[in-house]
Amino acid sequence: MKKIFKRTGKVILTTILIIFLLLLLLPVLFKGKIGEQVVKVANEHIEANLSFSGFSLSLIRNFPNLTFSLNDLVITGRDKFEGDTLAGLRSFRLVFDIGSVLSKEGYVVRSVVIDKPVVNAIALADGSVNWDIMKESDEAPVTGEAGEEGTQDGSSTLKARLESLELRNGRLTYRDKGSDISAVIDNVNLHLTGNMAESVTDMVLDVDMEGISFLMDGTSYLKEAVARGLFDLSADLEQMKFALNENSLSLNELMLTMSGTVAMDGDKVMTDIQFGTGETGFRDILSMVPAFYLSGFEDMQADGTLILNGTASGVYSGADSLYPDISVGIMVNNGSVSYADLPGKISGIEMTFNAAMDGENTDLSVIDLENFSFDLEGNPFRMAFSLRTPVSDPGISGMAEGRINLASLAAAVPLGATALSGVIVSDMTFGGSYSMIEQERYEDFRAEGSITVSDISMQTEGMPPLSVSSGQLMFSPASASLENLKMDLGASDVALSGTLSNYLPWLLRGETIQGVMQMNSSLIDAGELLSYFPDDTTDMDEELVLPDRIIIPENIDFFFLSKIGKLIFPPLEATDVRGNIVVRDGMVSVLNTGLKAVGGTFEMNAVYDTRDTLNPVISGSLKASDISLLTTFETFNTVQKLAPVAEGMEGNITAGLEFRSILGKGLVPVVDSISGSGSFRSDEIALVSSPIFDKFSSLFKLDDSFSNRFRDLNLLFSVDNGRVFIEPFETSLKRRFHERECNRSC
């Protein structure tokens with residue numbers, strides 16, 4: 001008996017040892033074969049650079065199946081995207097059916113786990129994208145079982161018999177440089193389960209995403225939003241039909257439920273989906289509005305109910321330009337918004353919104369905001385808007401009426417202002433079609449009403465105090481006029497009035513807008529206004545990038561007249577400032593502009609031309625009469641650069657200048673590009689302190705009997721590439737007479 005137990009024990013130990021050795025040796029034996037297959041398959045199908053730090057095989061992790069792990073994989077682009085990372089991941093784990101590894105039929109993948117994947121999608125302005133890396137092939141694949149590709153030379157292929165697909169801690173970014181769009185999705189987790197080897201199966205997809213941000217044209221529509229989804233699908237993989245059972249998708253606090261069916265037939269997708277929120281809290285939809293994040297959403301209290309529902313039914317086909325019919329409805333009842341630390345409240349919020357897109361004929365699509373209304377501490381406000389036939393002849397109609405008390409608004413919503421008061425009254429209606437504007441039937445297009453402001457006062461930290469005593473904006477189909485707008489900004493005061501015409505064709509189809517505006521002011525203190533802007537922007541949360549140039553749109557025809565009693569632009573102080581500014585054809589012209597400064601008068605004409613958007617040019621003429629030379633030199637740094645010889649001189653001058661220059665960064669003239677010509681005249685100039693006169697006196701051995709005053713100066717000069725050239729001129733340098741000599745000769 002002892003011998004039997006002894007022999008049995010040896011057999012068991014030997015078997016365990018053999019199994020253990022197989023667990024260690026099999027991965028080593030097949031490691032090279034599988035690794036080569038992964039790289040081979042990748043290189044056969046992509047036009048990109050693929051690299052990884054290493055891979056490993058294990059029979060222990062998912063015994064008895066074989067686990068293949070690929071570590072630190074990176075895919076980088078080529079050509080235009082050379083060096084840009086398209087995708088990367090910390091590890092990529094495949095679980096193979098052990099039987100398929102030992103056979104020659106191909107490898108069967110049971111599960112996939114991807115850890116910390118990163119995807120950077122980039123679209124350039126020329127339309128090229130970095131994810132278009134799949135190689136084109138004209139050869140038809142040779143198939144074995146349905147859906148399993150093989151090759152005629154017998155090389156092995158990968159076959160999916162997935163039961164689990166898991167993605168952990170992913171990050172997705174998208175940048176479209178042509179459309180100025182950027183998006184980020186951080187901390188993406190996805191888990192898909194189900195027997196995908198069966199033709200009919202149930203699948204469950206669990207998705208969790210954080211840090212969702214979407215930025216377009218400099219506007220943030222989503223900022224670090226959170227999305228979660230749970231999708232329960234019944235799938236017929238042979239017929240490509242999917243039934244949505246209990247499905248939900250949430251964005252921030254708003255949750256949508258979905259049900260219906262989706263079926264695929266070639267390149268067509270048939271949909272019959274219903275979605276909605278049911279009756280939910282009004283606060284939930286406000287969580288999607290970026291402005292509320294900026295105003296302290298966490299402290300906001302919101303009441304009322306929200307109902308959102310919609311459908312998507314029909315066929316989608318990119319080849320046939322077919323889209324499903326989509327309808328969305330939103331209703332808000334008895335909503336209110338308030339903040340715990342503020343006394344005010346916005347109440348009576350009501351909204352009825354419906355939108356329907358016709359997939360076959362988009363011209364039948366409709367947008368209809370039937371009502372949006374609220375009450376702000378006894379001040380009601382209501383607006384409505386609708387759009388019909390958006391393709392053939394867009395027809396719009398709407399209205400906005402009500403009274404907004406800014407003091408009540410500041411008491412209900414945190415706006416960041418330390419003090420806010422005043423009233424805005426709106427009474428507008430509009431309605432008509434695009435064809436009315438196109439055919440210049442302005443009398444048929446209804447656009448009338450007014451926006452009136454009165455007694456507005458606003459104080460904000462870091463900004464000059466603003467007050468608007470009165471102002472009214474009037475609308476009609478042909479024009480919009482601004483009447484009696486009077487405001488103070490710090491110590492500066494401004495009164496504006498004017499008219500805009502052709503504004504509807506400008507808004508709807510980009511035609512030229514025409515306008516006339518007049519401004520009167522007793523004082524503009526630019527020094528005070530500029531003092532509110534920081535000299536160093538590096539301490540700000542976001543770097544402020546100043547434009548190198550301001551491009552003037554060519555569809556603006558605008559005439560601006562201004563009169564300013566006193567203008568302070570340190571170190572310059574000017575009075576009786578007048579100017580006529582014309583904006584037309586991509587240029588700004590300053591005509592018959594004048595002012596009094598540095599003891600004399602200036603007359604100027606100039607043109608700022610941006611038709612060459614890369615090199616905007618300024619040109620014009622300047623006439624200065626009876627100007628103090630010393631004050632001018634101390635005031636204008638351009639004079640110091642162009643004429644350093646003027647330092648230490650006294651006297652009044654009359655000068656004329658015609659000039660042209662390219663404008664560089666910050667709209668400052670590029671000195672090397674300045675060209676022009678001019679004249680310089682003075683009855684007398686005294687050299688109070690001049691190193692040049694000292695050298696001149698030493699060279700010609702002038703004694704104290706010679707005066708330091710130059711009389712009857714009349715010279716011409718030219719400017720070429722920023723250098724001043726003075727033509728030969730004559731002047732009188734008279735002796736200094738003593739009083740007794742003067743008596744003898746007089």
Side-chain angles (χ1 to χ4, degrees), residues 519 524 526 559-584 587-609 616-647 649-663 667-671 673-686 710-731:
M519 183 193 79
I524 297 292
F559 188 30
F560 184 81
L561 302 87
S562 64
K563 291 183 179 180
I564 303 173
K566 184 177 182 180
L567 172 65
I568 301 175
F569 197 104
L572 174 68
E573 290 191 13
T575 59
D576 297 334
V577 181
R578 68 186 188 282
N580 301 317
I581 301 175
V582 179
V583 181
R584 183 175 297 150
M587 297 182 291
V588 177
S589 301
V590 179
L591 306 175
N592 300 320
T593 297
L595 56 86
K596 294 180 180 179
V598 290
T601 60
F602 289 86
E603 299 286 339
M604 184 178 69
N605 293 277
V607 176
Y608 173 57
D609 189 348
V617 173
I618 185 171
S619 60
S621 61
L622 174 67
K623 181 180 179 181
S625 302
D626 296 326
I627 303 302
S628 169
L629 186 58
L630 178 61
T631 306
T632 301
F633 183 86
E634 293 175 347
T635 302
F636 299 106
N637 60 359
T638 303
V639 176
Q640 298 172 15
K641 292 180 179 179
L642 294 178
V645 69
E647 184 177 8
M649 294 184 179
E650 286 185 352
N652 292 339
I653 62 171
T654 296
L657 172 66
E658 293 184 357
F659 62 91
R660 184 181 187 277
S661 174
I662 296 174
L663 293 180
L667 299 178
V668 175
V670 178
V671 175
S673 71
I674 300 176
S675 62
S677 61
S679 61
F680 182 95
R681 182 175 60 81
S682 178
D683 293 336
E684 181 178 282
I685 292 179
F710 292 85
R711 303 179 187 276
D712 302 324
L713 277 172
N714 189 5
L715 59 87
L716 302 176
F717 64 89
S718 63
V719 183
D720 187 12
N721 296 328
R723 300 180 64 187
V724 179
F725 298 90
I726 302 175
E727 296 184 9
F729 64 93
E730 294 182 358
T731 184

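Distance check, rounded to the nearest 0.5 Å: OG of S682 to CG of N714 gives 10.0 Å. Between the OG atom of S677 and the CZ atom of R660 there is a distance of 14.0 Å, given to the nearest 0.5 Å. To the nearest 0.5 Å, atoms OG1 (T593) and CG (N605) are separated by 7.0 Å. Atom CD1 in I581 sits 8.0 Å away from atom CE in M519 (nearest 0.5 Å). Here OG1 of T575 is found 8.5 Å from NZ of K566. Values are rounded to the nearest 0.5 Å. In this structure, CD1 in I627 is found 8.0 Å from CG in N652, a value given to the nearest 0.5 Å.
Between N592 and R578, the shortest heavy-atom distance links the atoms O-NE, 4.1 Å. The shortest non-hydrogen separation linking Y608 to P616 is CE1-CB, 3.7 Å. Closest non-hydrogen pair, A597 versus F602, comes out as O-CE1, 3.7 Å.
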Are T654 and S625 close enough, and set up right, to give a side-chain hydrogen bond (donor to acceptor under 3.5 Å, both in side chains), and what steps lead you there?
-> CA-CA 4 Å; T654 296; S625 302; 4.8 Å; no

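Side-chain contact between D720 and F725 is present, with at least one heavy-atom pair separated by less than 4.5 Å. With a 4.5 Å cut-off on side-chain heavy atoms, L657 and F717 count as touching.
Results of the side-chain contact (heavy atoms from CB on, under 4.5 Å) test with S661 over V617, V719, I618 single out I618 as the only residue that passes.
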